[in-house]
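Okay, so here's the structure we're looking at.
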Amino acid sequence: MVEFEVPEIDYDRYSNRQLAVVPLAVLAVALAILVGAYVLTGSPVALGIDFTGGSELTVETTMSQSEIRNSFDSDPVSVQAVQSESNQHVVTFGSDAGDISDLADQAEAAGMTIRGSGTTPASFGSQSQQLALIGLAIAFGGMSLLTFALFRTFVPSIAVIVSAFSDIVIPLAVLSLLQVKVSLGTVAALLMLIGYSVDSDILLNNHILRRRGGFYESTYAAMQTGVSMTVTSMAAMAVMAIMATFYGIDLMSQIGFVLFLGLAADLMNTYLLNLSLLRWYKFEGVAR
């Protein structure tokens with residue numbers, strides 16, 4: 001792994017409150033966005049057809065997106081161009097748009113060529129939504145139990161858990177603001193993000209609590225590995241998201257985008273929020 005030169009930040013200049021206020025403020029804003037979206041729409045994030053049910057048609061035509069929309073009796077939820085294929089579009093319909101064969105007939109009647117189609121029943125989408133939530137809850141709960149078993153003290157363990165929670169909430173808030181529809185690919189990215197975010201937090205905790213040396217010496221040693229690991233992953237995810245978007249691979253594009261956002265949040269949460277809690281625990285909490 002390529003090691004990045006990490007500057008030795010003078011953390012001693014800042015109080016624990018000053019270090020923690022920025023990530024906590026960002027977390028509060030992210031939670032407010034999700035709660036506001038839930039109050040207004042009934043869901044904290046926009047859900048794709050994986051969770052709501054619906055149909056998709058991949059069509060080839062020289063028509064504009066507005067002309068494609070007007071070719072159907074039911075208004076499509078979205079019309080997206082396929083970047084890697086000229087004149088191809090993915091037309092997405094809600095679960096109330098009717099039978100997929102009727103939609104295909106309407107497209108062909110308008111002069112479009114059908115290149116692919118698919119349908120997700122509303123009942124299956126609802127079941128997928130429940131399974132995704134259960135999967136995330138189990139993964140997060142398992143991570144929390146493992147963290148407490150590893151450190152066996154409250155403050156260091158809760159620091160890891162709060163950081164990981166914030167790493168998940170912040171990308172979801174960004175998706176909600178951008179009205180990006182959440183799919184099974186997004187859930188896969190969130191599950192991966194739990195592992196990515198915990199890695200850097202456990203690395204920092206382990207260096208500070210279990211290795212010999214001063215607090216800041218251990219912090220800088222952990223940052224040498226942790227920051228290089230996170231930045232390298234961010235670069236890889238950014239490239240994957242860009243290339244997947246260009247070639248029209250929505251699943252990989254969503255995974256790369258969510259992981260990039262989550263890893264960026266992880267840098268802030270690990271080296272501001274987690275570090276401030278560890279410093280309080282090391283110098284004040286233990287003394288009490």
Checklist entry - Do T41 and S43 meet the criterion of a side-chain donor-acceptor pair at a distance under 3.5 Å? => result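 Side-chain D/A pair, T41 to S43: absent.
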Side-chain ([X]) to main-chain ([Y]) donor-acceptor, under 3.5 angstrom:
X: Q179; Y: A46; answer: no
X: S228; Y: T225; answer: yes
X: S157; Y: T153; answer: yes
X: T270; Y: L267; answer: no
X: S166; Y: S163; answer: no
X: T245; Y: S253; answer: no

Once ring pair (Phe, Tyr, Trp, His ring centres under 6.0 Å) is applied, do any residues pair with [X], and if so which ones, sequence neighbours excluded?
X: F215; result: F283
X: F93; result: F72
X: F151; result: none

Checklist entry - Can R69 and D75 be said to form a side-chain contact (heavy atoms from CB on, under 4.5 Å), step by step? => result CA-CA 6 Å; R69 284 183 175 275; D75 189 37; 3.6 Å; yes
Item to check | side chain to side chain contact (heavy atoms under 4.5 Å, CB included) partner of D167, the single match among V162, N269, L27 | outcome: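 Of the listed options, the one satisfying the test is N269.
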Checklist entry - Taking the six-membered ring for Trp, are F154 and F148 parallel (under 30°), tilted (30 to 60°) or perpendicular (over 60°)? => result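 The rings of F154 and F148 sit tilted, inter-plane angle from 30° to 60°.
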Checklist entry - R115 pairs by salt bridge (charged side-chain N to carboxylate O under 4.0 Å, His left out) with which of E56, E108, E60? => result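 Of the listed options, the one satisfying the test is E60.
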Which atom names give the shortest non-hydrogen contact between [X] and [Y], and what distance separates them?
X: Y271; Y: V227; result: OH-N, 3.6 Å
X: S55; Y: I100; result: CB-CD1, 3.6 Å
X: M63; Y: S71; result: CE-OG, 3.1 Å
X: F51; Y: V182; result: CD1-O, 3.4 Å
X: G256; Y: A241; result: C-CB, 3.9 Å

[X] versus [Y]: any side-chain heavy-atom pair under 4.5 Å?
X: D199; Y: T230; result: no
X: R279; Y: L19; result: yes
X: L278; Y: P156; result: yes

Checklist entry - Does a sphere of radius 6.0 Å around CE in M252 hold more than 12 heavy atoms from other residues, nucleotides or ligands, not counting ones at 6.0 Å or beyond? => result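 Counting neighbours around CE of M252, 12 or fewer heavy atoms of other residues, nucleotides or ligands fall under 6.0 Å, so no.
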